[in-house]
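Side-chain atoms are counted along with the backbone in the values below, which use heavy atoms only and exclude waters and symmetry mates. Residue numbers begin at 1 in each chain, while the letters A, B, ... track the order of the sequences.
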Amino acid sequence: MPWTTPSINISYASKNSKGIRELSYREAICEAQRQLMSTDSRIFLMGEGIDDAGGVFGTTLGLADEFGCERVVDTPIAENGMTGVAIGAAINGMRPVFIHMRPDFVIISLDQLLNHAAKWFYMSGGQVSVPLTIRCVIGRGWGSAAQHSQNIQGLLTHLPGIKVLMPATAQDAKGLLIAAARDPNPVVILEHRWLFDKTGHVPEELYETPVGRANICRYGSDVTIVATSIMVHEAMLAAEVLAADGYDPEIIDLRSIKPWDENCIAASVQKTGRLVVADTGHQYGGVAAEIAARITELCFSALKTPVRRITLPEAPVPAAASLENIYFPGQLEIIAAVKDVSGG
Amino acid sequence: MPWTTPSINISYASKNSKGIRELSYREAICEAQRQLMSTDSRIFLMGEGIDDAGGVFGTTLGLADEFGCERVVDTPIAENGMTGVAIGAAINGMRPVFIHMRPDFVIISLDQLLNHAAKWFYMSGGQVSVPLTIRCVIGRGWGSAAQHSQNIQGLLTHLPGIKVLMPATAQDAKGLLIAAARDPNPVVILEHRWLFDKTGHVPEELYETPVGRANICRYGSDVTIVATSIMVHEAMLAAEVLAADGYDPEIIDLRSIKPWDENCIAASVQKTGRLVVADTGHQYGGVAAEIAARITELCFSALKTPVRRITLPEAPVPAAASLENIYFPGQLEIIAAVKDVSGG
Amino acid sequence: MTMPSPNDNTKRLLFKKMLLIRHFEQKIAELYPEQEIRTPVHLCVGQEAVAAGVCAHLRPADLIFSTHRNHGHCLAKGMSVKKMLAEFYGKESGCCGGKGGSMHPCAPEHGILGTSAIVGGGIPMAVGAAWAEQMRNGDNIAVAFFGDGATEEGTFHESLNFAALKNIPVVFICENNLYATASPIRHRQPAAGSIAAKAKGYGLPGELINGNDVIEVYQRVGEAVERARRGQGPTLIEAETFRWFAHVGPVDDTETGHRSADELARWKNKCPIRRMRDHLTIENILKSEDEKNWSIEFDINFAGALTFAKESVPPTKELLTTHVFA
Amino acid sequence: MTMPSPNDNTKRLLFKKMLLIRHFEQKIAELYPEQEIRTPVHLCVGQEAVAAGVCAHLRPADLIFSTHRNHGHCLAKGMSVKKMLAEFYGKESGCCGGKGGSMHPCAPEHGILGTSAIVGGGIPMAVGAAWAEQMRNGDNIAVAFFGDGATEEGTFHESLNFAALKNIPVVFICENNLYATASPIRHRQPAAGSIAAKAKGYGLPGELINGNDVIEVYQRVGEAVERARRGQGPTLIEAETFRWFAHVGPVDDTETGHRSADELARWKNKCPIRRMRDHLTIENILKSEDEKNWSIEFDINFAGALTFAKESVPPTKELLTTHVFA
Ligand SMILES: Cc1ncc(C[n+]2csc(CCOP(=O)(O)OP(=O)(O)O)c2C)c(N)n1
Ligand SMILES: Cc1ncc(C[n+]2csc(CCOP(=O)(O)OP(=O)(O)O)c2C)c(N)n1
Ligand SMILES: [Mg+2]
Ligand SMILES: [Mg+2]
């Protein structure tokens, strides 16, 4: 896809970058972990079956051999307890990266994540921070149904104290993971499985994608589309169709879900006067709701139509392919929404 | 407070109601449980220490003596497992009411609540529903700090499959609890501790406050204030001040947080052109975000100013009184917001 | 108080049930590459004796709670092959109307009130369902099936504690197949501990049994079921067994990870079906044509179910948002 | 391998530490009705021997993780009375800058990296912190303090499993005071089980000790600490004890609920401080003026700390949203 090239924001890969290769999102994640562990002995990976042959959809392949099972730790199936263990290690000088294969399992650990990690620095009056990274693979499809395909960014962003990132490109998959692992705070990264094969131009060196900054993937003039994760790709596909029909959408990859780049989006909406938000999650109080509410506050007079949200339907994920196919919105919904907010 | 009288919506207390008494919110809850257990042998109460001398802030007093410890069950401290136990009992013919003293403890049970209860009916293709009621006392104050004073409606409303209620009056504390206990679905009721002493006119009989319907507590013309739980009372206090200053706010007690009465609010905003939402919870993707986003969609041309949200600051709850006092918004913030959206 | 060995007829039925499960799983394994079953399948080939031996004691109104690896349990409990298959094929005629897929089978008429695919998720629900029976003074019981991995979750502990506290009529059946996905138990649990031994901490009987010997399963679980039914409380049973396929899908996972071909071969030698066949043959309980006849019966049944599943209609889009609330 | 009885000096120090804790708690109880301490206090009067006996073995760099009922543990570990009191009074000079209140004390310099008031919440954190030590080949250990109620949470089980699996240098100290809030243990745990007995299921040593006998606590925990430090893994210790005040606040809760005046009286008779005083007196270890001198020392210290706490400034509103992120 052409836009993966221009979207490398060279500003955060340093001047004397060691070269840029075509890497998949999966490889980019793997490389980030390898480089992080090589350069910082405090960093280690943990999670259920992360050392196995599948290697967390290929993102940890080879790391157990390279770093040993003390730094690539297969854990018991005990998400809440092991999150507590990770927090304990984090506050005592280590930098754990806890990997979950599915977002649904993170829900089991919300006591430790929300009651503990999110509040520890505050409760301690700024003395003890929790440098914990949670990597979680999200996805959809193949009838995995209601307990294996959820989108949880809406749950993780609500309470203060946790940062949430959703890379849409290989570059950001690497850059945001590095940023997360170096962040002294709890950070959750949600990586979409359908993006793992997508390639992009990824610098060799260890670089950070700055947390809190969105990425404009396509410049446009008459409508702003803010998208998260795989919806960025759907939006780019939609843009081709829309462009052929005479629309000129500006597409913003939100990337950093919390904190988020309200200035970038507000500036775009001031220009375009229209906003469509395409999130992978649910509607009620989701990421799209926050963006809609906040951008409407910031750009009320510029907005020509109300912000349109594209989110999941109000139902758990169904198993049958016939339902699953219509459950997840994509480029068609984005095209329709853009035409609609543009007045037909 | 005068408005507690007119706000009894007689339509849902039946014609030959057995009389209306002045009862406190606490007594209303207790009475609802007594009447429910007397009339339906499937209903029972469970929770940590619910049979003790305090009786969950007085809301279960006497019930253990009256119904025995098999129907007023003191449980181990194991929120997630016991929620699973409650779900198991619910799908096998019982109607458990699981009582939590603090919202923070509900977070521990989100695996069973969100991954299980919320999805069971859907996953079973409509065969097995989960008639589970969760009562949870919320509150604030006295330096209970970050792990004992949260507001979690924003977490509970995001994913499909759970209903969330927040009674602000004694009448609704009884009527909504009865509605919840008779609902074949999982319902969470958040009861504010600071309302327990507030009295209202409560019918003797067993009546339901309909889920999904808001209550207009004050009719007004120039701004709509939608409030939840204790913020309804803050809004009513604010209204007195505002009225003296020449404003005429319409105040709506949301009551049913999910599903919520968008028609009632939209109709009000069509009339007033201005909306302030005062929720007890956090901002990012909270209840106020959803109302703001949705009402803006429905009433875009009627809105003269963007929807204003009054929510908690972006921080965990602090312990020190000096901070706690300014942490929770109240009537002053509502007054300022109304004046602000009204153009000074 | 050991339950006597099952009689000849029961032995035949146990054997036939195992064959049914094996037959079903192998058919699924054959069909899966067609990619018309668009839902992950967790096959239980190698573990049939546990499902058969446990469910032989259960009435239709007794309840079972299973896991992602539920096919054997559901079939043994009476679930219709037709409805199960239709569910796998994503059809409205499936046991969940197509909404659950392979991981959440539901058949209330057979005591299957739904299934959780969250590891450890179903254990407390089994306790709660059995508690409901107890509260009503019923004499039905509940069985919680779960894997070795599930015993690492907090819900396992919380469930044992509450069941022991209230003397709840539930039987905990842990199928210890030594792996959770590709992760061997030595990565997850201390060697010096044991699953069955945990029962003592709650004052419960805890027993380690040979999960590949259907007669042993039948006898030992039979005692536990009777205890539960008589109001003598719960039992934890750890049944050692092994799955032949990979964690998910009809795949051989040996030599790609921690499981070795050797280990699998050793366990194939302990095949629960072969073991029972040998026993029945020695004891002269099996008629020579039995297996062949059953196999024909299963084939015919399965073929009919498959036609039903394939010809059924998928749920239409109006159903996407139904059944969120009752 | 039993640790020898502590020497006279150690005994004096153990006794003095218990007196310090008792003194602090009683002062809090006296001050509380003034309503200037605006945070719930969970007093540990009656349980002082556990905190004193355990922490006597710990270095400053060893870590403790406590609970809502943390005052004794923190004081025994070296926490400054001044900073703790200032925290109770909601002041910026408090050990959490006023943000934590009484339930979340933090003093990294004394090995207190923060405290959770979620029952069971601190247990896995202790394991993780000790794991970090192990990964660095350090020889510091961590101690998890928790109540009987906390052993009902899934985190207790998950923590024991992981600590046993990895042989982590952590000691689990359960203060079984027979109640959780007003709920007696018989409402929550099966009579036939036991907390200490649960250790066996994980292959760990589990010991029931008299939590009101500071010498027994010192000796038995000393062995566990040494095992952990030598890399011989975790131990679970159940110390039976009793709290004199109600669950929260300086209140008498007998005759209003499940706790009876009788039960309290029996336990007051087993007062850990009186027991040790008697022992020291018989053994002639206590000088006649010791207690009086210490009491004066505590009074002076406390008075200074109180003045500090009362005169310190409360956090101002700019601090409301600082420290959300580092
Ligand atoms: C809470 C949770 N964590 C992780 C998973 C992913 N997962 C699915 S099955 C499985 C292994 C379960 O092992 P075990 O309980 O031994 O059952 P088995 O597959 O061996 O039958 C895991 C980790 C899950 N479904 N739920
Ligand atoms: C997860 C959770 N559930 C409930 C509570 C409320 N609560 C606070 S202390 C307590 C009792 C704890 O009992 P125990 O662990 O025995 O400690 P003790 O108070 O006896 O020292 C409870 C239920 C809590 N803080 N956290
Ligand atoms: Mg297994
Ligand atoms: Mg206790």
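Contact annotation for B:Ile108: only side-chain heavy atoms (C-beta onward) come within less than 4.5 Å of a heavy atom of chain D. With a 4.5 angstrom heavy-atom cutoff, D:Ile185 does not touch chain B via any of its atoms.
Chain D forms the most heavy-atom pairs under 4.5 Å with one residue out of B:Ala78, B:Pro313, B:Gly81, B:Gly141, and that residue is B:Ala78. Listed options B:Ala53, B:Gly54, B:Ala321 were ranked by heavy-atom pairs under 4.5 angstrom with chain D; first place goes to B:Ala53. In terms of heavy-atom pairs under 4.5 angstrom with chain B, the leader among D:Gly149, D:Ala117, D:Pro184 is D:Ala117. Contact count against chain D (heavy-atom pairs under 4.5 Å) is highest for B:Pro76 among B:Pro76, B:Pro318, B:Ala315.
Taking the side chain to side chain contact (heavy atoms under 4.5 Å, CB included) definition, one finds that B:Ala146 meets it with A:Lys119, A:Met123, B:Pro316, sequence neighbours left out.
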Just list the donor-acceptor pairs under 3.5 angstrom between chain B and chain D, please.
residue, atom, partner, partner atom, Å
B:Asp51, OD2, D:His258, NE2, 3.4
B:Asp74, OD1, D:Ser183, OG, 3.3
B:Asp74, OD2, D:Ser183, OG, 2.5
B:Asp74, OD2, D:His187, ND1, 2.7
B:Ile77, N, D:Glu152, OE1, 2.8
B:Ile77, O, D:Glu153, N, 3.3
B:Trp142, NE1, D:Tyr32, OH, 2.8
B:Gly143, N, D:Arg38, O, 3.3
B:Gly143, O, D:Thr39, OG1, 3.1
B:Gln147, OE1, D:Ala117, N, 2.7
B:Gln147, OE1, D:Ile118, N, 3.4
B:Ala319, N, D:Lys99, O, 3.1
B:Ala320, N, D:Gly98, O, 2.9
B:Ser322, OG, D:Pro315, O, 2.8

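In this structure the side chain of B:Phe105 reaches within 4.5 angstrom of the side chain of D:Ile118, judged on heavy atoms.
Counting all heavy atoms, side chain and backbone alike, B:Leu323 lies closest to D:Leu319 at CD2-C, 4.4 Å. The shortest heavy-atom contact between D:Pro40 and B:Gly143 is CD-O, 3.5 Å. When all heavy atoms of B:Ala319 and D:Gly101 are compared, the pair lying nearest together is CB-N, 3.2 Å.
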